[in-house]
Amino acid sequence: MAAEKRPVSSTLWMVLFGLGAMLIAGVFANTDETAAIPYSQFQTYLDAGKVKQVVVSGDTIRGTLTEAMPGGKTQFTTVAVPRDLAAALSKQNVEYSALVTSSAFGTLLSWIIPPLLFVGVWMLMSRGSGAGGMAGGLFSIGRSKAKLVTAETNIKVAFDDVAGVDEAKAELHEIVDFLKRPDEFGRLGAHIPRGILLVGPPGTGKTLLARAVAGESGVPFFATNGAEFVEMFVGVGASRVRDLFEKARLSAPCIIFIDELDALGRARGATPMGGQDEKEQTLNQLLAEMDGFDRSVAIVVLAATNRPEILDPALLRAGRFDRQVLVDRPDKIGRVQILAIHLKKLTLAPDVKMEDIAALTPGFTGADLANLANEAAVVATRRGGESIAMADFTAAIERIVAGLEKKSRILIPRERRIVAYHEMGHALVALATPGSDPIQKVSIIPRGIGALGYTMQRPTDDRFLMGLHELENKMTVLMGGRAAEILLGDDISTGASDDLAKATDIARGMVLRFGMDKGLGPVAWDTEQGQFLGQPGAFWQPRRFSDQTAHEIDMAVRGHLEAALNRAVAILTENRAQLDTGAESLLAHESLGADELPAVTMRVG
Ligand code: ADP
Ligand code: MG
Ligand code: ZN
């Protein structure tokens with residue numbers, strides 16, 4: 001304890017010493033030119049007519065003499081003594097002067113008390129919190145949060161709890177083998193990657209996979225989040241990283257899991273804001289730690305991100321997160337397997353077929369499917385059912401897809417009419433377009449935020465390749481809403497904005513990436529690296545074509561969109577009667593199933 005205290009008290013003495021020196025220097029600043037003289041002396045000079053000028057401030061008198069005093073000085077300072085007393089004293093020839101201490105003491109206090117308070121608070125902070133006063137308080141900010149990262153042992157999650165991500169599981173099996181028998185693994189000189197980056201959209205099971213690796217190999221699991229390392233104070237995040245790895249080294253073999261790595265590993269200089277020092281230090285510390293531990297220490301660092309494109313390239317270099325495992329949305333078979341996991345605990349009606357549910361949920365992630373299972377159970381419970389039926393699942397799917405029904409939201413009649421024409425337009429164009437995904441339901445019941453109505457189209461299969469005609473058809477269907485509004489003749493509405501955005505994306509893809517525009521040729525003008533996970537590309541990506549080409553691209557995109565709108569208008573003009581009757585029955589019933597839609601003339605060509 002004594003040794004621990006010394007630095008604080010010696011600092012205190014240094015502060016006090018410095019203050020004293022400053023005070024002395026301040027009070028006696030002019031001593032070499034000015035003499036402090038007794039008041040009686042001043043009276044004598046005054047009576048003798050030797051005082052040239054004075055400045056009086058309170059009791060203090062400063063002044064200059066016409067001739068030098070014995071010490072050779074002409075400047076003097078003195079403090080006045082009350083008049084009557086001075087007269088009496090002079091009469092008796094007593095030398096008299098007044099003390100300056102009273103005011104000087106005040107000055108002294110005002111100089112010393114604030115710093116003393118400051119030092120006091122500092123000492124309190126540095127001693128106060130930490131247990132036993134050892135390295136606690138202020139000096140332990142760097143540790144406080146890392147302390148929360150304690151190893152989780154005995155994790156019960158297994159690979160069987162994760163489905164639909166077979167490639168990722170295959171890659172991670174190797175890591176499990178290594179963690180189980182690190183010595184044996186190194187026998188032939190094989191080495192294991194230190195860092196593995198799990199890349200995929202949110203909810204696809206990255207965290208679950210990391211936990212499964214720990215569960216399968218039975219090693220301690222240190223789970224943190226990239227955001228936990230991002231702090232205001234420079235150096236704090238870095239010391240947290242150091243602490244984490246120190247602890248991990250002590251419990252090796254083990255796993256460190258850093259979720260949302262992008263929060264801390266964002267490319268340097270990628271954010272327009274300043275103040276990057278702290279993040280850079282933290283990142284550098286992480287890089288140093290990953291380079292630091294030698295191959296024999298069995299620590300595997302797993303990290304997760306859904307935005308690999310913004311990570312600092314240094315993180316992805318050899319010896320760091322050099323292996324990336326894609327954890328993508330599950331396909332139809334994957335969804336069946338995931339459903340099997342999440343429906344295991346539920347009481348299902350005999351009509352529930354997981355294949356059917358999987359067919360209705362393309363694009364759903366594992367988390368969405370887990371949510372769906374729960375929603376279906378809630379729906380069934382609310383209607384007082386004995387078991388969960390297929391209808392409960394369809395209701396839950398609708399709910400998840402389009403947001404909760406907002407029956408309370410009332411559209412004024414004119415708006416309802418526009419929405420009915422708009423949605424019926426989508427539906428009829430889809431019906432009339434060969435090869436379109438079948439319509440399941442058309443509705444003008446407002447759902448969720450922003451969607452005033454919806455047309456539910458379900459792809460029958462997951463698609464990996466699309467032909468030019470399919471893309472054009474998709475755009476035509478998207479334009480169906482706007483086309484119907486045009487034919488209604490009232491006015492065109494803002495309701496088509498989402499459709500237009502989607503159609504524009506398709507048209508841009510055709511022109512810029514798929515080489516599908518005749519005029520611009522088979523050139524990938526824009527490779528859009530960020531696109532593969534559905535993330536927008538990095539904004540600073542340089543343009544790789546001339547102004548001339550840029551203009552041509554704009555015109556080509558516009559051309560494709562206008563052609564799509566024209567096709568949609570043509571289809572609906574030909575089926576004008578069906579559009580009117582369809583919209584009317586939609587207004588009457590609010591929602592229509594596939595078999596309630598009017599028959600249309602197919603588009604040819
Ligand atoms: P991520 O970390 O990728 O955002 P999580 O691992 O946190 O996703 O997934 C959240 C939940 O969703 C999991 O706890 C699990 O219940 C469910 N889930 C997600 N993906 C899967 C999957 N592939 N198999 C089974 N369940 C999954
Ligand atoms: Mg997660
Ligand atoms: Zn629309």
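Here the structure is a predicted model, which is why all the values come from computation and not from measurement. First listed ligand is number 1; within each ligand, the first listed atom is number 1.
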Is the shortest distance from a heavy atom of [X] to ligand 1 less than 4.0 Å?
| X | result |
| --- | --- |
| Ala304 | no |
| Asp161 | yes |
| Pro202 | yes |
| Gln337 | no |
| Gly203 | yes |

* **Arg240/Glu228 under salt bridge (Lys or Arg N to Asp or Glu O under 4.0 Å): CA gap, chis, key distance, verdict** => CA-CA 9 Å; Arg240 267 179 206 160; Glu228 271 172 40; over 6 Å; no
* Any idea which protein heavy atom is nearest atom 13 (C) of ligand 1, and the distance to it? ->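 Answer, as residue, atom name and distance: Leu208 CD2, 4.1 Å.
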With a 4.0 Å cut-off on N to O distance, would you call [X] and [Y] a salt bridge?
| X | Y | answer |
| --- | --- | --- |
| Asp580 | Arg576 | yes |
| Arg383 | Asp392 | yes |
| Asp554 | Arg558 | no |

* Asked: Side chain, backbone, both or neither: which part of Ile338 comes within less than 4.0 Å of ligand 1 when only heavy atoms are counted?
  -> side chain
* **Among the N, O or S atoms of Asp499, the one nearest the Zn ion (ligand 3)** => OD2
* **Atoms of ligand 1, numbered as shown, that sit under 4.0 Å from any heavy atom of Thr207** =>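 Contacts of ligand 1 toward Thr207, numbered from 1: 2 (O), 6 (O), 7 (O).
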* Asked: In ligand 1, which numbered atoms sit nearer than 4.0 Å to a non-hydrogen atom of Ala367?
  ->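 With Ala367 as reference, the close atoms of ligand 1 come out as 12 (O), 17 (C), 18 (N), 19 (C).
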* Using the Zn ion (ligand 3) as the apex, give the angle to atoms NE2 (His426) and NE2 (His422), rounded to 10 degrees. =>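 Result: 90°, to 10°.
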